[in-house]
Amino acid sequence: MAAVAVHQFAQCITCHAWSPDRSMVAFCPNNNEVHIYKLLEDKWEKVHVLQKHDQIVSGIDWSRRSNRIVTVSHDRNSYVWNQEGPEWVPTLVILRLNRAALCVQWSPKENKFAVGSGAKTVCICYYEQENNWWVSKLIRKKHDSSVTSVAWHPNNILLATTSTDGKCRVFSTFIKGVDTRESKSGSSSDSKFGEQIVQLDLSYSWAFGVKWSPSGNTLSYVGHNSMVYFVDDVGPSPLAQNVAFRNLPLRDVLFVSEKMVIGVGFDCNPMVFAADESGIWSFVRFLGEKKASSSSSKYGSQFSEAFGKLYGQSKHGLSNDTVEPSRAQGVVHENCINCIVPLTKEGFRTKRFSTSGLDGKVVIWDLENQDLSDHF
């Protein structure tokens with residue numbers, strides 16, 4: 001079993017993040033608060049409650065170097081929280097949004113963070129030392145709908161976004177006085193702030209969960225049409241692949257190595273995707289299962305399962321009294337998984353990661369001893 005720890009923190013969790021030493025976890029229990037729990041004597045105890053937002057907190061990120069927490073909410077605001085003694089002190093970030101803030105992520109150097117919003121814009125926020133506050137520059141007029149996810153390239157300049165207009169885009173976020181010329185590389189060397197590097201029209205449905213590979217050479221994101229996309233050589237002539245699967249759509253992805261990706265979503269069970277020696281990506285198996293479901297009988301059961309879901313006979317519904325043999329084992333989450341966060345890394349490899357979902361659980365997964373050595 002890949003899941004090594006299961007913690008029931010709330011009835012529902014919208015997002016979560018870990019402290020730099022992984023001794024504390026911050027999450028939103030589907031309201032306007034952020035709860036911070038700490039592991040004390042093998043037991044998780046609530047140590048802080050961050051209360052400043054007026055509506056649901058939709059994004060949390062905890063910086064590894066500076067130990068700062070950034071939060072965004074449907075109230076269109078963002079706060080950067082600094083720990084001063086036993087308390088967390090919030091600083092308001094000027095976003096200038098007229099719609100909800102939906103996602104947030106610190107840049108690799110932690111001198112900026114990006115906020116995606118329902119206002120069809122992305123806010124690139126940075127700290128102004130002279131005025132002692134956080135300000136933002138907006139990337140406008142590119143997205144046709146809400147920005148659902150953001151992901152920083154390792155070079156601290158390129159930013160990938162996904163949107164409910166079905167597109168994935170890559171922008172330059174170079175800010176004079178904040179970034180240095182040496183940090184720019186490749187096709188972004190002459191790009192100004194907000195310049196679009198590439199637009200990927202691979203999905204005809206909502207797009208979610210974009211991530212870069214550890215080296216920054218590959219980009220992956222998911223669509224609401226039960227497909228996951230992989231893009232190499234991001235630039236004027238990208239090389240794109242798409243992998244379709246029979247199961248429910250994914251909401252987020254995570255590169256655990258250059259050639260392996262974990263996808264999570266409405267099937268409540270992490271899915272493993274991997275690339276072979278020729279660079280062709282494919283679905284390997286569910287992480288909770290020992291073998292990939294490739295037999296014709298499995299296909300028949302999944303086909304019947306798809307029809308059951310189509311006509312409302314959901315495995316989570318009260319009207320369905322049957323147990324699905326293909327999913328009875330290995331399913332830890334009981335509702336949609338909406339967040340996946342890396343825990344322990346060794347170089348470019350992520351050994352452990354955590355997931356949270358609408359069932360209120362935070363689950364820690366271990367990839368060792370999972371028969372994935374060929375891809376890991």
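Considering only heavy atoms from C-beta on, Ile60 stays 4.5 Å or farther from Val72 through its side chain. In this structure, Phe9 and Pro29 have side chains that are not in contact, with every pair of non-hydrogen atoms separated by 4.5 Å or more. Proximity of Val198 to Pro238: side-chain heavy atoms (C-beta onward) are separated by under 4.5 Å at one or more points.
Between the side chain of Asn32 and the main chain of Gln55, no donor-acceptor pair closer than 3.5 Å is present. With Ser58 contributing its side chain and Cys103 its backbone, the two residues share no donor-acceptor pair below 3.5 Å. Between the side chain of Gln83 and the main chain of Asn67, no donor-acceptor pair closer than 3.5 Å is present. Here the side chain of Ser226 pairs a donor or acceptor atom with the backbone of Asn247 at under 3.5 angstrom. Side chain of Glu258 to main chain of Asn217: no donor-acceptor pair is present (N/O by atom type, distance under 3.5 Å, no hydrogens or angles). With hydrogens and angles disregarded, no donor-acceptor distance shorter than 3.5 Å links the side chain of Ser117 to the backbone of Ala101.
Electrostatic pairing of Asp179 and Lys109 does not count as a salt bridge here, judged by no charged N lying under 4.0 Å from a carboxylate O. Arg352 and Glu368 are not joined by a salt bridge, as no carboxylate oxygen comes within less than 4.0 angstrom of a charged side-chain nitrogen.
Between the side chains of Ser66 and Arg68, at least one donor-acceptor pair of N or O atoms lies under 3.5 Å. Between the side chains of Asn156 and Ser107, a donor-acceptor pair is found at a separation under 3.5 Å. Residues Ser354 and Trp18 bring a donor and an acceptor atom of their side chains to less than 3.5 Å of each other. Counted by atom type alone, Ser146 and Lys120 present zero donor-acceptor pairs between their side chains at under 3.5 Å. Side-chain atoms of Asn82 and Glu84 form no donor-acceptor pair, as typed in the model, at a separation below 3.5 Å. Judged purely by distance below 3.5 Å, without hydrogens or angles, the side chains of Thr148 and Thr162 pair a donor atom with an acceptor atom.
Taking the centre of each ring, His143 and Phe171 come in below the 6.0 Å mark. Separation of the Phe193 and Phe174 ring centroids does not fall under the 6.0 Å cut-off. Note: Phe266 and His224 meet the aromatic proximity criterion, with ring centroids under 6.0 Å apart. Aromatic rings from Trp81 and Trp134 are positioned such that their centres are separated by 6.0 Å or more. If you look at Phe113 and Trp106, their ring centroids are closer than 6.0 Å. Separation of the Trp44 and Tyr37 ring centroids does not fall under the 6.0 Å cut-off.
In this pair, His53 and Tyr79 present their aromatic rings perpendicular. The plane angle is above 60°, beyond the 30 to 60° band. Between Trp88 and His48, the angle of the ring planes goes over 60°, which puts this pair in the perpendicular group of the 30/60° scheme.
Counting non-hydrogen atoms of other residues, nucleotides and ligands closer than 6.0 Å to CD of Glu45 gives a total above 12. For Arg96, the CZ atom sits in a packed shell: over 12 heavy atoms of surrounding residues, nucleotides or ligands are nearer than 6.0 Å. With a 6.0 Å radius and a threshold of 12 heavy atoms from other residues, nucleotides or ligands, Arg140 has its CZ atom at or below the threshold.
Cation-pi check for Lys211 over Tyr221 is not met; the charged atom does not lie both under 6.0 angstrom from the ring centroid and within 45 degrees of its normal.
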Working for side chain to side chain contact (heavy atoms under 4.5 Å, CB included), residues Lys112 and Cys125: CA-CA 5 Å; Lys112 301 180 292 186; Cys125 307; over 6 Å; no
Would Val264 and Arg251 count as a side chain to side chain contact (heavy atoms under 4.5 Å, CB included) here? Give the steps. CA-CA 6 Å; Val264 295; Arg251 283 300 307 268; 5.6 Å; no
